[in-house]
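Right, one structure below, let's go through it.
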Amino acid sequence: MQVPDIIIAVDGYSSTGKSTLAKLIAKEFGFLYLDSGAMYRGVTLFAQENGLIDKDSVISPKLEKALEGLDLYFGQDGTYIGDRCIEKLIRTMGVSSQVSPISAVPYVRNFVDDRLHDMAKAGRVVMDGRDIGTTVFPNAELKIFMVASDQVRAQRRFDELVAKGENPSFDEVLANLKERDYIDSHREASPLSRAADAYVMDNSDMTIKEELEWVRGVIQGKLGILE
Ligand code: DC
């Protein structure tokens, strides 16, 4: 199927499989994949390593100025700060537990949005996040909003962490998910919400193959592509 140069926004709650689907769309249709959450995770790690957020998630006002010197980007092996690959570090529970307060800060959102706009200049991009279809690219030609049950999401996240050698408790993972959902959807700056023109996918009981078929169907219907 020939898909034109459009922007595809994949938003939704934590651990609904947004990145898995977005990566698959990128591979299948030859799109550039951009993981907006990784940018927020990168800023979180930067704040932690520079003592700009404390253990109670109180954020130092110095973070705003410090961001001017932050060289955060996507490189060969994922996310980088300068020449250091931080891809693994940003996926740990330590970062996950403080990323929501960081991403609620308006100047942090501006910092990330600027980078996302820059990287998507050429078009033909699939981007996943929380506010891509509402704020970052409100004119995206295709918007998908993903949901799945709490238990299914927590199990996915738990399995992912175990596979990476972490030793989380299931209840802790579930609590972190719910807490992030709450903060992400109740913050003032660009909260997680479904764009009115987004197609909702509940993938609690879907295989990845079924998800891709669903996307094909939506693209065909929406863009009028005949195979
Ligand atoms: O997709 P993720 O779990 O890696 O995202 C990490 C956090 O970043 C998430 O808790 C909320 C925030 N985020 C956001 O506020 N806006 C986005 N577009 C993407 C992520």
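Keep in mind the model is a prediction, meaning the values are calculated, not measured. Counting convention: from 1, in listed order, for ligands and their atoms alike.
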### Query
Just wondering, are more than 12 heavy atoms of other shown residues or ligands nearer than 6.0 Å to CG in Asn167?
no
### Summary
Tested for salt bridge (Lys or Arg N to Asp or Glu O under 4.0 Å) against Asp35, the lone hit among Arg41, Arg91, Lys23, Lys18 is Arg91
## Note on the structure
Within the heavy-atom cut-off of under 4.0 Å, ligand 1 is lined by Ser36, Gly37, Tyr40, Arg41, Val99, Ser100, Ser103, Arg109, Gly129, Arg130, Asp131, Ile132, Arg180, Asp184, Arg187
### Message
If you count heavy atoms of other groups shown closer than 6.0 angstrom to OH of Tyr13, is the number above 12?
### Response
no
### Task
Would you mind checking if Asp150 and Arg153 are paired as a salt bridge, meaning a charged N to carboxylate O distance below 4.0 Å?
yes
#### Entry: Non-hydrogen atoms of Leu174 and Ala154 that approach each other most closely
CD1-CB, 3.6 Å
### Query
Just wondering, do Val43 and Phe111 contact through their side chains at under 4.5 Å, heavy atoms?
yes
